[in-house]
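In the text below, chain A, chain B and the rest are named by the order of the sequence lines, each starting its count at 1.
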Amino acid sequence: MSKLINFEELEKKWIKLWRENGIFEADPNDKSKIFVTFPFPYMNGPLHLGHAFTALRVDVYARLKRMQGFNVLFPWAWHWTGATIAGQAKRIAEHDEHVIKVLVEIDGVNPREVEKFIDPIYMAKYYTNENKSVVDGLGFSVDWRREFHTTSHHKAFSKFIEWQYLKLREKGYIVKGTHPIVWCPRCKSPTGDHDRLEGVGVSPEKYILMKFKCGDLILPAATFRPETIYGVTNLWLNPNVDYLIVHVDGEKWVLSKPAAEKISNQLKKVEYIGELKGRELIGKKCIAPVVGREVIILPAFFVDPNNGTGVVYSVPAHAPYDWIALKDLLDHPELLSSYEISRDEIERIKPISLIEVEGFGEFPAIEIVEKLKVRDQNDPKVEEATQIIYKREFHKGVLKSIYGKYAGLKVFEAKDKIIEEFLSKGCADIMYDLTQKVICRCGTPCIVKVLKDQWFLKYSDKEWKQLAKSALKNMKIYPEDARKNFEEVIDWLQDKACTRATGLGTPLPWDEKWLVETLSDSTIYMAFYTISKYVNDGRISPEKLTPELLDYIFLGKGDSKSISKSHGLPLNLINEMRSEFDYWYPVDLRVSAKELLPNHLTFFIFHHVAIFPPEKWPKAIGVNGMLMIEGKPMSKSKGIFITLKNAIKMFGADVIRGTLLLSAEDLDDPDWRNKNAEDFRRNLKSIFNFMLELKKRAMSEKISELREIDRWLISQINKKIKTITKNAEQLKTRTAFHEAFYGIWNDVKWYLRRVEKVNGDLIADILNIWVKLLAPFIPFTAEELWEKLGNKPFVSTASWPNYDEKKIDLRSDFSEKLIKNLLEDILKIRKAIKINPSRIYLYVAPAWKYDVYIEVAKLVSQKASLKEIVRHVISKFHAKYSRRELIKLVQYSFEDIVNSPPVERKLKIESVSRELEIYESAKDFLERELKIKVSVYRADQPEIYDPKRKANSAMPFRPGIYIE
RNA sequence: GCGGGGGUUGCCGAGCCAGGUAAAAGGCGGCGGACUCAAGAUCCGCUGGCGUAGGCCUGCGUGGGUUCGAAUCCCACCCCCCGCACCA
């Protein structure tokens with residue numbers, strides 16, 4: 001038996017044939033177009049199963065639309081922009097063992113190649129090459145003539161990005177700004193989460209510095225809660241810490257040494273004047289800002305020079321640290337006396353209540369300290385107490401009358417206003433700091449740096465947001481649930497830095513020391529696909545892609561004749577490019593994983609609405625889950641990672657495609673399990689052989705008439721075409737493929753059980769339809785079957801089956817359902833009675849029971865209650881039939897009708913006269929299945945064989961059954 | 001903290017928006033049977049519990065509620081996952 005199929009060979013064969021015939025190369029023509037895109041993958045590593053999952057959904061859609069007769073363009077490109085590739089190259093140059101190990105062991109790069117990766121461009125090219133063959137290997141229906149990569153290493157693409165940025169600037173969407181970031185002083189670059197050894201998730205926090213005056217010195221106390229200044233009772237300094245006196249903005253500030261260093265990175269000029277020990281100021285008095293009170297400076301050891309300014313003010317009513325530190329002083333009189341502070345002075349300090357908060361009394365800090373039994377200021381529980389109070393007061397706290405115009409407001413409502421007021425009065429300042437340690441990958445502790453004159457995309461712009469929203473409104477989002485996410489992100493988005501100092505990319509056209517960053521040069525590049533073909537075939541050279549020409553191509557602005565003249569380009573070329581763009585644009589579908597939703601996909605919308613007119617705005621976005629492997633999130637460092645190259649080697653393309661497609665849809669995370677892939681491989685082989693066997697039968701078994709069961713199969717296949725098409729069009733790829741693969745298979749299997757001889761012509765048709773329905777999902781297997789079924793040239797370009805609503809035959813569906821129910825009942829009984837039956841007798845309900853049934857159905861449709869129906873039926877029929885029988889029948893009928901969907905209710909009423917005939921026609925089948933004789937009677941027929949009086953139990957659509 | 005998504009029978013995963021067709025699709029696994037010298041593949045049946053007649057009981061995170069009827073609607077609670085920006 002030739003049961004072996006070799007997927008590897010078969011896949012190679014079809015890739016070659018598809019390419020040779022250029023069936024995925026798409027140029028403008030007079031057909032309707034569909035333009036689909038997948039976000040270009042980043043070339044710092046091999047493509048993996050996660051890429052495959054998302055791209056597969058694009059490919060399925062592309063293949064479906066192509067078969068539906070659309071002119072479909074699915075192009076591909078490669079992302080090189082950013083610091084990651086360069087960073088990786090640098091680490092290889094530094095012989096970073098971990099990086100090299102991952103490259104060799106996980107990514108499968110030959111160690112001799114790795115050495116060459118010290119050149120980032122070499123690395124990017126290497127992966128681009130590798131990955132291209134993988135994209136082909138999976139059968140993605142890509143038009144490669146439009147391929148490109150990003151950055152200044154692709155002159156034409158750079159020209160496009162320059163144009164994009166000039167447009168954005170013209171529209172006023174690019175602004176200069178200042179922003180605090182986590183910074184590595186050694187690498188002299190921002191340190192993002194992925195670049196950290198320690199402190200992942202930590203971001204700059206804004207401290208407010210409240211300026212206390214002490215003679216000519218300013219003591220800037222750092223706080224997150226400047227609104228509590230009204231409750232200040234004293235100032236804290238750490239007596240053991242060295243402080244610096246520095247010139248800042250014309251004032252003399254006292255700061256801890258680290259604080260002075262930090263502030264110097266935050267756009268403040270810091271000049272050294274002198275030094276002093278904390279103890280030197282202890283016991284002195286200073287004037288608190290805002291309230292103008294004189295307060296004493298006291299010693300506290302919780303004050304950390306590395307945190308904030310090393311100066312802290314005290315609000316014992318609302319800050320556990322402050323309250324416990326005061327208590328510590330009272331508990332240690334020796335400390336007080338060493339600073340010559342009288343105990344009296346401390347005892348005179350009374351907490352001032354400022355904020356009313358549910359669940360606490362006057363002084364929340366005191367209460368929580370007592371409740372948690374905090375020992376002293378070194379007890380870790382102080383931190384916990386602080387967190388509890390801070391959160392509670394921030395969200396639920398209400399300001400008391402001491403706040404004047406702010407009184408009655410919630411803390412979170414008033415906070416920003418209060419800060420604004422303090423800053424404008426000059427009694428406060430700002431400093432950024434990290435509340436937890438952050439260590440750069442290079443081992444250096446990070447600080448906060450305020451970068452000035454950075455370029456920002458003004459995502460905060462109200463009008464821009466409005467445009468983005470109106471684009472969203474007209475867009476299809478698959479699944480619809482994800483729309484909420486987009487709305488939320490658009491609202492929430494703030495200005496975003498759009499340039500970088502390091503890495504690969506396109507220089508900003510008007511400020512070339514900056515590179516356009518990676519989430520900006522990936523937003524409207526799909527437009528470039530429409531003309532990259534002309535660059536690749538040499539019909540236009542990159543330097544000719546001036547802003548003027550691009551304005552004409554993409555926006556229709558300017559005059560082609562004069563551009564032709566000034567650029568030395570043929571007029572028809574310019575017009576062809578313009579009309580090619582005009583033909584393909586807008587993007588009809590873009591798909592990505594949900595991780596890109598709050599950034600890339602949203603920016604994709606923003607940039608389109610900024611630059612293009614509404615008719616060129618994207619039509620649809622698909623979002624999917626993130627791939628898991630064996631139930632765990634992918635992670636290269638943990639070795640939870642499968643490259644596509646390996647996966648193809650292990651399973652072949654169609655097995656990967658099928659397994660991925662069946663694993664999830666919508667926002668659910670697909671979970672790749674090798675075992676599932678193996679199971680699917682078995683099924684794929686089975687279905688392949690099944691169809692070929694069936695083809696053989698179809699050729700030898702001919703039947704001239706169309707039997708009921710044949711009509712049933714036609715009905716089923718039409719239903720399947722309908723659901724598969726509908727689901728695939730909405731990117732419900734799992735459901736669609738499941739129906740195409742298992743759904744049809746089960747129908748056909750049932751059909752084969754039901755008949756002794758197949759209707760050959762019908763089966764031949766069904767097989768062709770079935771292969772077409774499988775083609776978008778598992779194209780290689782489908783092509784091979786298509787050929788073996790005697791078709792040519794390609795199923796990939798064959799026309800998608802149309803369903804015929806008229807062929808969806810509810811009547812035969814219903815008959816078949818009755819037969820299935822009957823078989824099920826017989827098997828249930830057989831199981832329960834545990835005997836070996838010799839013969840089966842069936843009794844279809846007598847005519848009068850149908851009369852009652854119809855009567856009940858009528859009353860149900862009038863929304864009568866069961867009670868009413870019983871009463872009505874008894875009054876109508878009791879003369880002829882017993883009350884008990886009637887009640888039983890009404891109860892059965894009522895339940896049966898209520899539990900049927902509306903279409904079926906109608907069918908049932910129409911089928912009352914057919915029931916006997918249906919079972920008669922299935923008699924042979926039942927006998928074959930059960931391997932015993934079956935007799936069918938009508939219960940009211942005279943002289944029937946019915947020893948156990950089972951005919952009495954016959955109900956409409958539920959025959960009496962007697963098993964002997 | 002803010003925002004989003006979830007918890008379903010051995011596993012994966014439908015159903016939930018529009019309550020009744022539902023012991024709850026489908027796949028996987030397990031068990032039994034057919035085929036075979038045998039194994040594999042394939043096909044059929046079973047796969048919550050009980051039951052010598054198509055039935056009964058229990059059941060969809062937990063606890064309440066609405067309803068003739070709830071996995072589906074309402075309320076409260078518990079738990080899990082994802083994103084939150086200078087990474088791509």
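At a threshold of 4.5 Å between non-hydrogen side-chain atoms, the residues A:Arg928 and A:Glu756 count as touching. Counting heavy atoms from C-beta outward, A:Glu929 and A:Ile826 have side chains that stay 4.5 Å or more apart. Side-chain contact check for A:Phe957 versus A:Asn821: every heavy-atom pair is 4.5 Å or farther apart. Side-chain atoms of A:Leu822 and A:Arg958, non-hydrogen and from C-beta on, never get closer than 4.5 Å to each other. Proximity of A:Arg673 to A:Ile629: side-chain heavy atoms (C-beta onward) are nowhere separated by under 4.5 Å.
For a distance-only test at 3.5 Å, the side chain of A:Asn689 fails to qualify as a donor-acceptor partner of the base of B:A41. Contact annotation: side chain of A:Arg500 to base of B:C86, donor-acceptor pair present below 3.5 Å.
B:G51 and B:C12 are spaced 32 Å apart, taking the C1' atom of each and rounding to whole Å. Between B:G55 and B:G64, the two P atoms lie 30 Å apart (nearest whole Å). Between the C1' atoms of B:C86 and B:G5, the separation comes to 27 Å (whole Å). Nucleotides B:A23 and B:C56 are separated by 13 Å at their C1' atoms, to the nearest Å. Rounded to whole Å, the P atom of B:A14 lies 11 Å from the corresponding atom of B:U8. B:A22 sits 14 Å from B:A71 when the P atoms are compared, rounded to a whole Å.
In this view, A:Asp666 and A:Pro479, A:Lys732 satisfy the side chain to side chain contact (heavy atoms under 4.5 Å, CB included) rule, not counting sequence neighbours. For A:His149, the ring pair (Phe, Tyr, Trp, His ring centres under 6.0 Å) test picks out A:Trp80, A:His154, with sequence neighbours left out.
A:Leu519 comes within contact range of at least one nucleobase, with a heavy-atom separation under 4.0 Å. Among the atoms of the strands shown, base atoms are found under 4.0 Å from some heavy atom of A:Gln494. Contacts of A:Phe741 with the nucleic acid, taken as non-hydrogen atoms under 4.0 Å apart, are absent. Within the 4.0 angstrom heavy-atom criterion, only backbone atoms of the sugar-phosphate kind lie near A:Thr191; the bases stay farther away. When heavy atoms are screened at a 4.0 angstrom cut-off, A:His79 is found touching the sugar-phosphate backbone but no base atom. When heavy atoms are screened at a 4.0 angstrom cut-off, A:Ala664 is found touching no nucleic acid atom at all.
Aromatic ring pairs are classed by plane angle as parallel below 30°, tilted from 30° to 60° and perpendicular above 60°; the pair A:Phe741 and A:Phe737 is tilted. A parallel orientation is assigned to the rings of A:Phe394 and A:Tyr390, their planes being inclined by less than 30° (bins at 30° and 60°).
Comment: A:Glu868 does not engage A:Arg871 in a salt bridge, judged by the lack of any side-chain N to carboxylate O separation of less than 4.0 angstrom. Salt bridge A:Glu693/A:Lys696: present, at least one basic N to carboxylate O contact under 4.0 Å. One finds a salt bridge joining A:Arg441 and A:Asp195 here, because a Lys/Arg side-chain nitrogen approaches an Asp/Glu carboxylate oxygen to under 4.0 Å.
Between the side chains of A:Tyr478 and A:Asn624, not a single donor N or O lies within less than 3.5 Å of an accepting N or O. A donor-acceptor pair shorter than 3.5 Å cannot be found between the side chains of A:Thr84 and A:Asn44.
When the options A:Tyr919, A:Tyr751, A:Trp750 are evaluated for a ring-ring contact (aromatic ring centres under 6.0 Å, His included) with A:Phe925, the one that passes is A:Trp750.
The distance between atom CZ of A:Phe412 and atom P of B:C2, rounded to the nearest whole Å, is 10 Å. When the P atom of B:G83 is taken as reference, atom CZ of A:Phe486 falls 16 Å away, rounded to whole Å. Distance A:Trp672 CH2 to B:C12 C1': 15 Å, rounded to the nearest Å. Between A:Arg905 atom CZ and B:G20 atom P there is a gap of 12 Å when expressed in whole angstrom units. If you take CD of A:Glu868 and P of B:C68, they are 14 Å apart, rounded to a whole angstrom. Here the C1' atom of nucleotide B:C87 and the CG atom of A:Leu596 are 12 Å apart, to the nearest Å. Straight-line distance from the NZ atom of A:Lys820 to the P atom of B:U21: 18 Å, rounded to whole Å. Remark: C1' of B:G15 and CD of A:Glu665 are 13 Å apart, rounded to the nearest angstrom.
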Polar atom pairs between nucleotides 3-7 of chain B and protein, under 3.5 Å, N or O only, would you list them?
residue : atom : partner  : partner atom : Å
B:G4    : O2'  : A:Asn485 : OD1          : 3.2
B:G4    : O2'  : A:Asn485 : ND2          : 3.3
B:G5    : OP1  : A:Lys484 : NZ           : 2.8

Enumerate the protein-to-nucleotides 22-29 of chain B contacts in which both atoms are nitrogen or oxygen and the separation is below 3.5 Å.
residue : atom : partner  : partner atom : Å
B:G26   : O2'  : A:His738 : NE2          : 2.3
B:C28   : OP1  : A:Asn683 : OD1          : 3.4
B:C28   : OP1  : A:Asn683 : ND2          : 3.1
B:C28   : O3'  : A:Asp679 : OD2          : 3.3
B:C28   : O2'  : A:Lys675 : NZ           : 3.4
B:C28   : O2'  : A:Asp679 : OD2          : 3.3
B:G29   : OP1  : A:Arg682 : NH2          : 2.9

Where along nucleotides 52-58 of chain B does protein come under 4.0 Å, by heavy atom, of base (B) or sugar-phosphate alone (S), with - for untouched nucleotides? BBBS---

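Of the residues in residues 40-48 of chain A, those lying under 4.0 Å from RNA chain B by heavy-atom distance are A:Tyr42.
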